[in-house]
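Worksheet for the structure shown next.
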Amino acid sequence: MALNPIHPLRQLDGAGGQVAAKLERIGIAHPRDLLFHLPYRYQDRTRLTLIGELQLGQDAVVLGQVELADTQSRGRRRSLSVVVSDRTASMTLRFFHFSAAQQRGFLRGGWIRCYGEVRRGRHSLEMVHPEYRLYAERPQTVTEASLTPVYPSTEGISAALMRRLVAQAMDRELGGLNECLPQAVRERFALMPIHEALQTVHHPPPDADTEALVAGTHRAQQRLAVEELLAHHLALGRFRQKHKARHAPAFAADSGNWRKLRAQLGFKLTAAQRRVIGEVLQDLQTPAPAMRLIQGDVGSGKTVVAAAAVLRAVDSGYQAALMAPTELLSEQHRKTFGEWFEPLGIGVEWLAGRMPAAARTQALRRIAAGEAKLVIGTHALFQEQVEFHRLGLMVIDEQHRFGVDQRLALRNKAADGGESAPHQLIMSATPIPRSLAMIFYADLDISNIDELPPGRKPVQTVALPNSRRPDVAERIRRVCRDRQQAYWVCPLIEESDKLQAQAATETFDALAGQLPELRIELIHGRMKPADKEAIMRRFHGGAIDLLVATTVIEVGVDVPSASLMVIENAERLGLAQLHQLRGRVGRGAQQAACVLMYQPPLSESAKQRLGILRGTGDGFVIAGKDLQLRGPGELLGTRQTGLQQMKVADLARDRALLPKIEHIARTLHAHEDGSATADAIIRRWVSSRETYAEV
Ligand code: ADP
Ligand code: MG
C-alpha cells in the first residue's frame with residue numbers, strides 16, 4: 001500500500017479527477033457498489049436504421065457520411081449542425097455545446113455512426129446531442145450484439161462513462177461477490193444465482209428476452225427485486241426488534257373510566273371494534289412499546305378505539321397525545337374527546353396553530369405539570385418542543401399519508417434516544433393490501449376494523465359530466481328541502497391553498513346565485529382556524545345547508561346528517577382520496593349519495609377509477625385497485641414512502657413477488673446463520689443514509 005491511500009474507485013479507468021467524488025455523492029464509494037448500480041432502462045442499438053426510414057420520436061442507430069459541418073446563430077444561441085446522409089436521405093445532428101476540436105473532427109466524407117432520438121428539425125429530421133463515433137473508413141459493425149443498459153447518473157458523468165465504469169467493476173468484483181441467499185432458499189423459490197442475475201442485467205446476452213428486460217420482468221431482474229424487497233422487509237424487522245427491546249409502561253389491566261364511557265356511548269361497539277380494542281389493550285399491558293397500525297375504512301369507528309386506549313393510559317397515571325394531520329380534524333377530536341372526557345373529569349388540552357401566546361404558555365404548562373391528560377394537536381405542533389409530564393401513549397390519526405421515514409423518525413424522537421418509549425397506535429383509513437403491508441409495515445403489528453357500524457347503507461355513487469350541473473343543483477335543493485345537508489368539494493390539482501381557495505370561492509358565488517333559498521357557506525384552508533371551526537360547528541348543528549369546501553374536509557370530518565357529497569373534477573383525483581371524500585357522507589341513518597362530476601372526455605384510467613368507485617364502497621377493494629392502477633407511491637403518499645429509492649423493485653409491477661418475501665424471510669431466519677445473512681442483505685441494498693439503518 002502506498003503511503004497515500006488510494007481511493008478504491010481510482011482503480012477504475014475513467015474515475016480520475018472529480019469523477020470519484022461525484023460517484024460518492026450518489027452513494028457509490030467502492031467499485032463493488034457499482035454492481036448494484038442497476039440500469040433503469042435499456043436502449044436497443046442492435047439494429048441499424050436507414051435515414052429514409054427514421055420515425056419521429058424513435059431512438060435509432062444511424063450510419064452515414066458527413067456532408068457539412070457548420071455553426072449557426074439563432075438569437076443568442078449558437079449551435080453546430082452536421083449534415084449526415086446515407087444512400088436513402090440526409091439528416092442533421094445538432095450540438096449546442098461543442099468545442100472547436102469537436103467541430104474540426106467532422107470531416108466532409110468521413111463516416112459517422114450516431115445514436116439518438118429522432119426529432120423534427122427546421123429543414124430535416126434531427127438528433128440533438130447524439131452519441132456518435134467517427135471513422136475514417138466505412139466500419140464493419142456499428143450495432144451492438146445485445147441491449148445497451150442505461151444507468152442512473154449524475155451531472156458530469158456521461159452515460160458512456162457510467163457504462164464503462166460499471167463494466168470494469170463487473171470484471172473486477174463480480175467473482176468475489178457473495179451469494180446471500182442460501183441454496184435451499186433459491187431452489188425453493190426458483191431464484192437464479194446473484195452472479196447470473198447481475199451478469200444478465202448489466203450485460204444482457206444476445207439471446208436474452210429483450211422484451212422482458214425492457215419491461216423489468218426478466219427473471220434476472222425479479223431475482224434482484226426479491227433480494228431488494230427482502231432487504232427492506234428485514235431492515236424494518238430489525239428496527240422493530242430494536243424498538244421492542246425498549247421499555248414502555250405496562251398499563252393497568254382494567255380502566256374504570258373506559259367502562260363508564262362505554263356505558264354512555266349511545267351505541268354498541270361492533271364485534272370488530274371489540275376485537276381490535278382487545279388487541280390494543282393487550283399491547284398496552286406489556287412493558288414493551290406497542291407499535292400497532294389500526295386500519296379501518298372511513299366511518300368504521302376508529303376514534304372510540306383510540307378513546308379506549310387513551311383512558312387506559314390515563315387510568316394508569318400516564319398522559320396521552322393524539323395527533324391529526326389537519327387542524328380541522330384536530331379540532332373535531334377536541335370536540336369529541338371533550339364531550340366524552342369532561343364528564344369523567346379528565347383534562348383535555350388542545351394545541352392550535354395560532355394560539356395567543358399567553359394561552360399557549362398556559363397550555364404547555366398544564367401539559368408539563370401533568371394536569372392535561374390528553375393532548376390533541378396536529379403532527380406539526382408535536383414537532384415543536386412539547387414537554388410532557390409522563391407521556392405513555394401516542395395516537396397518530398390518519399397516518400396514511402406518512403412514509404416509513406417519518407414514522408421511524410417520530411418513534412425515535414419519542415424514545416428520545418433513551419431506553420424507554422411511549423406506546424404508539426397509528427390509525428389509517430387507507431387499508432393497505434396485506435402483501436404490501438408485509439414490506440411497508442413490517443415494523444408494525446396490524447389490526448383491522450373490517451366491519452362498519454350497523455345500519456350504514458352504501459353511498460349511492462354516480463358520475464356525471466359538467467354539463468349536468470343544473471341537475472346537480474336541483475338535487476341539492478331537494479336534499480336540503482328534506483332537512484339534510486350537502487357538501488360540494490372543489491379540488492384542484494395544484495397543491496396551492498390559494499388557488500384552491502380561489503376556485504372554491506368562484507363555485508360558492510355561482511351556487512349562491514343558483515340556490516338563493518339555501519344557507520350556503522364556504523370553507524377552505526386559508527381561513528382562520530376559529531372561522532373554520534365556527535363554520536364546522538354550524539354545519540354540524542344544521543345551521544348550514546350546503547358547505548362548499550376544498551379538500552380540507554378530506555380526512556376524518558364527521559357530520560351524520562350530511563347525506564349528499566358532490567365532488568368536482570373527480571377525474572383528477574385518485575381512488576383513495578375520492579373514497580375518503582365520499583366517506584364524509586353516509587354516517588347517518590338516511591340513504592346517502594355521492595355525485596362525481598367530471599369534464600369530458602375522460603381518459604381510460606379516469607374512466608376505470610370512477611367505475612370502481614361506483615362499483616364498490618369497500619376500502620380494502622379500492623386500495624387494492626389503487627395499488628394496481630397507480631402504484632404504491634400514490635397509495636402510501638408519494639415521495640416520503642422511502643421506497644422510491646429502490647433500485648430494481650417496483651412495487652406495482654412486482655406485486656406478485658410480495659407474498660413470497662415474508663415467506664423467504666421466515667425460511668432465512670430458520671437457516672443456521674440467518675442473522676448474518678440478513679445483515680449482509682440489508683447492507684447490500686438499504687443505503688446507510690436511510691433512517692432505519694441508523695437506528
Ligand atoms: P373513523 O373510523 O372514520 O374515524 P369515527 O370514529 O369518526 O370513524 O366514527 C364514525 C361515526 O360512527 C361517529 O359518529 C361515531 O360516533 C359512530 N360510531 C362509531 N362506532 C359506532 C358503533 N359501533 N355503532 C354506531 N355508531 C358508531
Ligand atoms: Mg377518524
Side-chain angles (χ1 to χ4, degrees), residues 248-249 251 255 257-262 264-267 269-270 272-285 289-316 318-326 328-342 344 346-351 372-379 381-382 388 391-400 402 407 410 414 422-431 444-453 555-558 583 587:
F251 293 165
S255 148
N257 277 316
W258 167 234
R259 263 186 286 121
K260 279 187 213 157
L261 176 64
R262 195 174 163 165
Q264 289 162 14
L265 276 176
F267 53 75
L269 297 176
T270 62
Q273 281 170 320
R274 273 183 276 130
R275 174 172 43 77
V276 171
I277 288 173
E279 287 164 1
V280 169
L281 296 186
Q282 190 62 46
D283 281 358
L284 300 183
Q285 289 171 40
M291 290 182 281
R292 187 170 287 278
L293 173 70
I294 298 168
Q295 302 194 111
D297 212 343
V298 276
S300 62
K302 293 184 290 295
T303 317
V304 71
V305 175
V310 169
L311 290 176
R312 189 61 61 101
V314 172
D315 284 357
S316 306
Y318 285 88
Q319 289 171 299
L322 173 61
M323 303 182 197
T326 65
L328 196 58
L329 190 52
S330 84
E331 285 164 32
Q332 185 182 293
H333 280 320
R334 168 177 72 154
K335 186 166 165 289
T336 308
F337 282 89
E339 281 164 15
W340 284 344
F341 286 14
E342 257 154 45
L344 302 171
I346 296 171
V348 176
E349 200 66 57
W350 181 54
L351 289 176
K373 300 298 180 198
L374 171 62
V375 183
I376 299 173
T378 62
H379 298 94
L381 287 173
F382 283 93
F388 286 88
L391 181 65
L393 170 70
M394 293 167 90
V395 182
I396 300 144
D397 196 14
E398 304 287 356
Q399 127 112 38
H400 57 281
F402 291 80
R407 186 163 77 232
L410 188 65
H423 296 289
Q424 258 188 29
L425 297 180
I426 293 167
M427 307 202 289
S428 169
T430 306
L444 299 171
D445 299 305
I446 299 181
S447 290
N448 290 324
I449 309 182
D450 47 9
E451 179 186 4
L452 292 180
V555 285
V557 176
D558 183 35
R587 300 181 151 234

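The residues of the chain are indexed from 1 along the displayed sequence.
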Atom [atom1] in [X], atom [atom2] in [Y]: separation rounded to 0.5 Å?
X: Leu351; Y: Leu322; atom1: CG; atom2: CG; result: 11.5 Å
X: Met291; Y: Leu425; atom1: CE; atom2: CG; result: 11.5 Å
X: Leu311; Y: Arg262; atom1: CG; atom2: CZ; result: 12.0 Å
X: Leu284; Y: Tyr318; atom1: CG; atom2: OH; result: 12.0 Å
X: His333; Y: Leu374; atom1: NE2; atom2: CG; result: 10.0 Å
X: Asp315; Y: Trp258; atom1: CG; atom2: CH2; result: 12.0 Å

Contact between [X] and [Y] at the side-chain level, heavy atoms closer than 4.5 Å - yes or no?
X: Val304; Y: Trp340; answer: yes
X: Gln295; Y: Ile446; answer: yes
X: Glu331; Y: Leu329; answer: no
X: Ile346; Y: Phe337; answer: no

Could you check whether any side-chain N or O of [X] sits under 3.5 Å from a backbone N or O of [Y], counting only pairs where one atom can act as donor and the other as acceptor?
X: Gln319; Y: Ala372; result: yes
X: Gln264; Y: Leu261; result: no
X: Gln273; Y: Gly301; result: yes
X: Lys302; Y: Gly296; result: yes
X: Arg275; Y: Asn448; result: yes

Do you know the tightest heavy-atom contact between [X] and [Y]?
X: Pro453; Y: Thr270; result: CA-CG2, 3.6 Å
X: Val305; Y: Val276; result: CG1-CG1, 4.1 Å
X: Gly392; Y: Pro249; result: CA-CG, 4.2 Å
X: Ala290; Y: Asp283; result: CB-CB, 3.6 Å
X: Ala321; Y: Leu391; result: N-CD1, 3.8 Å
X: Pro422; Y: Pro289; result: O-CB, 3.8 Å

**OP:** Consider only side-chain N and O atoms of Glu279 and Ser447, and report whether a donor and an acceptor are under 3.5 Å apart.
**Re:**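 Yes, because at least one side-chain N or O of Glu279 sits under 3.5 Å from a partner of the opposite role on Ser447.
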Subject >> Criterion side chain to side chain contact (heavy atoms under 4.5 Å, CB included) on Met323 and Thr378, from CA distance to verdict >> reply: CA-CA 5 Å; Met323 303 182 197; Thr378 62; over 6 Å; no
Original post:
Which of parallel (below 30°), tilted (30 to 60°) and perpendicular (above 60°) describes Phe251 and His423?
Top reply: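 Aromatic pair Phe251/His423 classed perpendicular.
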Original post:
Passes side chain to side chain contact (heavy atoms under 4.5 Å, CB included), Glu349 versus Ile376? Steps please.
Top reply: CA-CA 6 Å; Glu349 200 66 57; Ile376 299 173; over 6 Å; no
Original post:
Charged N to carboxylate O below 4.0 Å: is that the case for Lys335 and Glu339?
Top reply: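 Judged by the 4.0 Å cut-off on N to carboxylate O distance, Lys335 and Glu339 do form a salt bridge.
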**OP:** Among Thr303, Ile396, Asp397, find the residue that satisfies the side-chain contact (heavy atoms from CB on, under 4.5 Å) test when tested with Met427.
**Re:**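 Answer after filtering Thr303, Ile396, Asp397: Asp397.
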